[in-house]
Every structure is written in structure tokens, then in C-alpha cells.
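Following: one structure in C-alpha cells, then a few remarks.
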Protein chains: 4
Amino acid sequence: MGIADRREREKSERRRLIMDAANRLFNSKGFSATAMEEIAKESELSPGTIYLYFKNKEELYGSLSVRDLGLLLERLEQINKSEERDPQKRLEALKGVLYSIYEHDPILLLNVFNFQTSNLFKELSEDLATEIRRFSRRALRTIASIFEYGIHQGTFTQRNPIAIADIVWSVFSGIVIWEESKNALDPEKNYIRETLDLAFEIIILGVKK
Amino acid sequence: MGIADRREREKSERRRLIMDAANRLFNSKGFSATAMEEIAKESELSPGTIYLYFKNKEELYGSLSVRDLGLLLERLEQINKSEERDPQKRLEALKGVLYSIYEHDPILLLNVFNFQTSNLFKELSEDLATEIRRFSRRALRTIASIFEYGIHQGTFTQRNPIAIADIVWSVFSGIVIWEESKNALDPEKNYIRETLDLAFEIIILGVKK
Amino acid sequence: MGIADRREREKSERRRLIMDAANRLFNSKGFSATAMEEIAKESELSPGTIYLYFKNKEELYGSLSVRDLGLLLERLEQINKSEERDPQKRLEALKGVLYSIYEHDPILLLNVFNFQTSNLFKELSEDLATEIRRFSRRALRTIASIFEYGIHQGTFTQRNPIAIADIVWSVFSGIVIWEESKNALDPEKNYIRETLDLAFEIIILGVKK
Amino acid sequence: MGIADRREREKSERRRLIMDAANRLFNSKGFSATAMEEIAKESELSPGTIYLYFKNKEELYGSLSVRDLGLLLERLEQINKSEERDPQKRLEALKGVLYSIYEHDPILLLNVFNFQTSNLFKELSEDLATEIRRFSRRALRTIASIFEYGIHQGTFTQRNPIAIADIVWSVFSGIVIWEESKNALDPEKNYIRETLDLAFEIIILGVKK
DNA sequence: CATGAATGAGGGTTCATTCAT
DNA sequence: CATGAATGAACCCTCATTCAT
């Protein structure tokens, strides 16, 4: 490995270091309530260094969204690439992916969500904004293609697959946000798994012929 | 009308004036990005005056949630009080209520949502926090009772009504947030109505016997 | 009693009412930390009314000083007017007066003191400032005349009576402030009486022939 | 001198810079009337920088007291460590110290005083409050030991040394405050030196056998 | 590249004072 | 006279960002 490579790797490692720290803090305290200096401290770097890797606070937050969406996208695309031929099984796999994403980082989707809704978007560089939009669209389209496949096979009823994908995405994100917020108030009871299972049960009943 | 009455009315009008201005600004710029002075300017009052009506910025925001939730709750309870005997029709009424709420203020639910998720809750006076929680719980229970009614009548399949209410609430909020965020990026195309219709169609298929 | 008289009396009663309330609050929280609205509430009047009786916050505070100084002055002048012929006994009477003032309102002198030191003086109307200065000077001169009397009688050593009065005044105020501040830290132990007694003992030894 | 050392020195110089500026302003305008921004301007720094060195306005004020008390304490302790065997000479030295402190900063003691009396104490960090209390107590005890020494030697009359120290402290502070306030009103005439001399004369007569 | 001290604009909030009723 | 709602200037403090080292 050449020196240039090592530099490159160290650089991207440091980027990840910052993003991980930022993710932890943004998740636990929210965007506005997290100070850049805290992120610096958490990542054991100085504030100035953060700005060598990210143009500003918004871009740092946006980069988290990109990373998360990329992760999600990759997993989703594996479903379509799989050998599985039964549409309902593919739907189950979708549930599995979404749930595992939730388990990996409970509010990953909430972040992606909040970010897109929020006005932080406006502060973003065109590049990053475009990337988020593209990833987001691709994720939706990938979900849609699972349904398309089912419709094509004749197992699912004829409906607009993109619209169904929107619904799946919405209900999933909605449940995660909603149950997480209930969780925050009463940490004892966590019904996310059950609610998600039920939601999928209903969706399958609703789309199957 | 006595002087005291008039005073009282003026006072509550002023409160509403502030809340409306705050709502507009919070909606378009978000909580943190909105300065109290802007709210003052928007409501044609002075900063000091805002503080005569609301203890602080958080309480002002929280009061918006309470007002919104109250509005929603009232509409929901009318469904159960209605003469309608057909469970599916009641479900349609629920859709109508949620949609009309959306039309009245597209991000009303988003606000309620974001608020509960956010850390702003911690800054709230106990009174206000309790009220929000109570309203929120009652709204859920009211939705649940629509399903209970259908199960009781034998039209809907036997399932936990509270869980279904959570799903309905989640999917509805999720769609609104999601479509609104797509809206923000591309204001030409608004598919909310269609997506909601489809979502309800699926839910009805999913819960009917 | 005519109507005009009653008006006058009510007016001065209200003045006193406000001053008493202000005194209590200034004493317990200090000048800056006391809000005019608190004084209004404590005196069961409205903020606006306070301003009918006092031009501003500083004048209200200054008026307290005037009242206190007047009270003190009256008591001091009685000593000189008394039948008592023994200079040392007159000195004892002086101690009694100062101590009873302290008992009446522990920080009366502290207030007079702080006020004169503070920059509040600058905000005062010329009238009030002049009055405070005149009272203050007269109080000093009255104390001085007690010593003059003793020197004249040949019981006290020949010294500048005004300077001695300054010292008496300083030591007395100093002790009150100092012991009060120790009091604030450890309310159990109150040595003011003992310290004052000792101070007078020393002074008497110091001035007697 | 290493870089770290220089950093350290610059840092403490900066601290002193701020404290000096703050001292000037607090002295001339009082605590409440002095804005942090003025202190920033006076020390040619930005407001934010002040907060890098002091947690808040109260702590800045408190730090001044600590510095002043430290200075005083050091001087007082030198009296006891000195070769001087004559108690009355030691008393003279005490007068000298107190007077030189006064000359160094005429209202140093007034500040220490006012601070302890004021409610600012409550806002202080435990550390700083403790330090002020400790210094204050030690200063008193050091003064007391001068008298103890005189009593032990048989030159002074048997009296509670701590109480005498309180009196000395009180009369000295009292005179400074009092004469300064007269000074403020009529800057022509400054009798502090004379008054202090007379006060010491009286005290010495009062405590000597 | 990395640092972290310094910046200074901006935010939330208070409160002495006014004035229409 | 009395009121108290309204004002708005001013204050303390934070924190995203910069830049000399």
C-alpha cells in the first residue's frame, strides 16, 4: 500500500470517526441541541478539524443521511437480486431489511425523514442534496419493484407499485417514529416488533389477490 | 357584554393571534430557526408581549400541539358518536377526518409528531406535557374504538385494536410527512390524496373478514 | 377632617405602603434583583400606580434612605436635648439609639450606606439627593456634638469631634454590615450585640481622659 | 520556555487583563450596571472570549474578590512573620497594610464587602464561594493573632481577639466606604488618612493596658 | 494537516416605564 | 386617580465558524 493510499484511508477513517460521533450525538440530543464542539470532543478531534472534512454542520448531518440511505439501498437491492421467486417471501425479506435497519440504528429512518422535512436541506450543497434525492428515489423504486414483481407474477393485485412503495415506506417510518416517541415516554413497553409485524400482515392481506 | 368579558376575549384573541403567527413561522422554518422576535413581528406585537402569553418558546410550541390535538380529537370523537352503523363507513369517516385535518393545516400532524419526538418535551411545564400526552392517548383510543366496533360487529377480523390504531396513525402521519417532503422538492406533483386513498383501501382489505 | 385632608392622608398612606413593600423587598433581594412589578404586587397596587408616587426606581430607593435617615436623626437629636449631663452616659445613649435602629431594621444603615456608595445617586433628582446629603450631614454633626460636649466638659480628650463622629458611624455601620454578612453564611451565631458593646467599650477608653 | 509554558502564561495574562478591565468598570459603575460587553470592549476582547475564562458574570466578580483577598492575606501574614516584637508596632504595621491596600485600590475592601453581603454569592460555584470564605476567615484570624500576641505579652488588655479583629476590620472598611462616599460627593476633601489615623489611635488606647 | 483560542452575530428573555382605558 | 397590558431596549450568554500557529 502506497503512502497516498494510506493517507486516503486515514482520511476516510477520520471522516467516519466524525460521522459516528455526530450520529450518536444527533440521535440523542437532536440537531440544534448538538454543538460542533461536542462532536469534536466525542470524536477526540478539534473543532477546526471537523471543518476540514465537512463544510458545515448541515453538510455533516446530510452526510449521515447519505450514508444511511446508501446502507439501506444496498440491502434493498439485494432482495431483488436474490434467487427467491415467491413474491410474498420477498415481501417478508423487505420487512426483514427494514427491521434490521431499525435494529442497527433505531432512528436512522427518523433522521433521513426529519432531515428531508426540515429546512436544513436548503443549507446543503447542491451535490449532497442531489445525492440524497437520488438515493431516496432509488430506494423507493427498489421497494416498488418488489411489488411490481408480485403483480407481474399475478400474485398481487394490480395497483400502482410506486404508490404502494410510498405507503410501505411511510408506514414503516411512521411506526418507528411513533413507537420510538411512545418509548421515550414509557421505556418499559416496546411494541415496535409487534406493530411492524401486524402492519405487514395487513399490507400483505391488502395487496394479495 | 361586560368589560371583563371583553378583556377576556381580547386576551384569548391575542393568544390566538400569536399562535397563528408562530404556527406559520414554525411550519415554514422549523422551531430552532424561528426567532421569537420574528414571531413578534409577524403578529405585530413586541417580543415582551409574547412572553405575557407564553412562558417561553417551548411552551408556545407546545401550545400549538395542544390546540391541534384538541381539534383532531373533537373530530374523531364525533365519528363514534355518529348514527352510522356500518364499520367500513366509519372507517371512511376516519379517513375523511384525517384528510380534512391535513387540508386544514398540512403539517399539523407533523408538528405534533416532531414535537413528541423532539427533546423540546423536556422543557415543557408539567401541565402542558400532561395535556399533550392525555390528548394524544385519547386520540389513539378513539381511533381504536372504531376498529373495536367493527370487530364486535363481526365485520373485522379479531386483532388488537390499539395496535391497529397505532398503524393507522403511523401510516397517515407517515404519508403526510413523506409526501410533504416530496412536495417540498417538487411542488408540481401532489399525490397525497391518492396515496391516502390507496392506503385506506389496503387497510380495509387487511382488516375485513 | 376635610376631604382635601383625607385625600392627602390617603396619599401619604399609600406612599408609605409602597415604601414598606419596597423596603422589605430591597432588603431581602437587593436593589437590582427587585422588580418594580414585585413591589407593586407586594403593596397590592399596580406598577403604574408606583410611578404616580415615585418618579422611578432610584427615587423610590432614595426615598427609603431619606425616611430612614430622618428616623435616625430624630432619635439622635433627642440625646442632645436630654437632661443627661454625664458625657459617658450620653455616649451610652448613642449606642442605644444605634442599636435600636439596628433592631428595628437590621440593614437600615446598610441601605443608607450602599445607596450613598452606589451609583444610584446619579439617577436621583437634585431635590432628593440634596435632602439625603443634608440629613446625612446633620446626623454626623449631631453625633459629633455629643463628643464636643464631652470635650467641653473636660471629660474627653481634645480631638476633632467630626472625625470621631465619622469613626463612630463607620465602626457601627461596618460592624452591622460585617456581622450581617457573617450571619447570612452561618445564621446560628449572631454576635452583633457583643461586638458593638466591645467596640463602644474601646471607643470610650480611647476618648476618655 | 516551551510552547506549553508560553500558552499558559498568555492564558493567565489574558485572565488578568479581563479582571483588570472588569475591576475598573465594576468599581466605577457597580456590578449590575456593568455590561459584559463593556468589559469585553475595555479589555479589547470579544464577549465570547470573556466566557472562555469565566463561567459567568458572577464568577468574574467573585474572582476579583478572591484575588483581592489573596493580596490582602499575604500582606497580613507578613506582619506575624516579622521580627517585630513590640505589639503596638505590629498594630502600626497592620494599619500600614490596610492603608496601603486602600491606596492600591481604594474600594478593594468595599468590593469584598459588598460581594459577601450581596446575593451574588448564591450564583457562585461552590469552589469559588468556599475559597472566598476561607480567605476571609483566614484574614480575620491573622488580624486576631496580632492582638493575641499583645495580650500574651501582657501589653494589651484581656479581650476576645477575634472580636477585636472584627472591629478593626469593620472600622477600617467602614471608614473607607464612608469616606469614599463623601469623597464622591465632594472630591476636594479627602480625610481618609486622618480618619484612619485617629481610629487607630483610639483603638490602641482602647486595647492597651 | 491539525489545532483550539478567539470571534461576534444572534437568540431568548427580562423589566423599567408608559399610556390608553 | 388607578390600572395593567404593552413596549422595546438592553442584557447575558451560546456556538458555528475562522485562522494564526
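This one's a predicted model, so the numbers in the text were calculated from it and none came from an experiment.
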Check: protein-nucleotides 9-11 of chain F nitrogen or oxygen pairs below 3.5 Å:
none

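Across the protein-nucleic acid pair, A:Tyr61 atom OH and F:dC15 atom P stand 17 Å apart, rounded to whole Å. As a whole-Å value, the separation of A:Phe54 CZ from F:dT17 P is 13 Å. Between the CG atom of B:Leu17 and the P atom of F:dA6 there is a distance of 11 Å, rounded to whole Å. In this structure, the CG atom of C:Leu52 is 18 Å from the P atom of E:dT21, given to the nearest Å. Atom CG of A:Leu60 is separated from atom P of F:dC15 by 16 Å (rounded to the nearest Å). A:Asn56 has its CG atom 10 Å from the C1' atom of F:dT17, to the nearest Å. Rounding to whole angstrom units, NZ of residue A:Lys55 and P of F:dA16 are separated by 16 Å. Taking atom OH of C:Tyr53 as the reference point, atom C1' of F:dT3 lies 13 Å away to the nearest angstrom.
In this structure, A:Ile18 and A:Arg15 have side chains that are not in contact, with every pair of non-hydrogen atoms separated by 4.5 Å or more. In this structure the side chain of B:Arg14 reaches within 4.5 angstrom of the side chain of B:Leu45, judged on heavy atoms. Taking 4.5 Å as the limit, every side-chain heavy atom of A:Leu124 sits out of range of all side-chain heavy atoms of A:Tyr61. With contacts defined as side-chain heavy-atom distances shorter than 4.5 Å, the pair B:Phe26/B:Ile39 qualifies. Between C:Phe54 and C:Met36 there is no side-chain heavy-atom pair separated by less than 4.5 Å.
Taking 4.0 angstrom as the limit, A:Arg14 places a side-chain polar atom (N or O) nearer than this to OP1 or OP2 of E:dA2. Distances shorter than 4.0 Å separate none of the side-chain N or O atoms of D:Ser46 from OP1 or OP2 on E:dG8.
Here CG of B:Leu64 is found 8.5 Å from CG of B:Asp20. Values are rounded to the nearest 0.5 Å. Taken to the nearest 0.5 Å, the OG atom of D:Ser65 stands 11.0 Å off from the CD atom of D:Glu131.
Across the interface with DNA chain E, nearest-nucleotide mapping of D:Leu45 and B:Thr49 shows D:Leu45 to be the residue nearer the 5′ end.
In this structure B:Arg16 satisfies the salt bridge (charged side-chain N to carboxylate O under 4.0 Å, His left out) test with no other residue, sequence neighbours excluded.
For the strand DNA chain F, secondary-structure stems (runs of at least three Watson-Crick or G-U pairs, all distances below 3.5 Å) span E:2-21 with F:2-21.
By the neighbour-count criterion of 12 heavy atoms within 6.0 Å, atom CD of B:Glu13 is densely surrounded, having more than that number from other residues, nucleotides or ligands.
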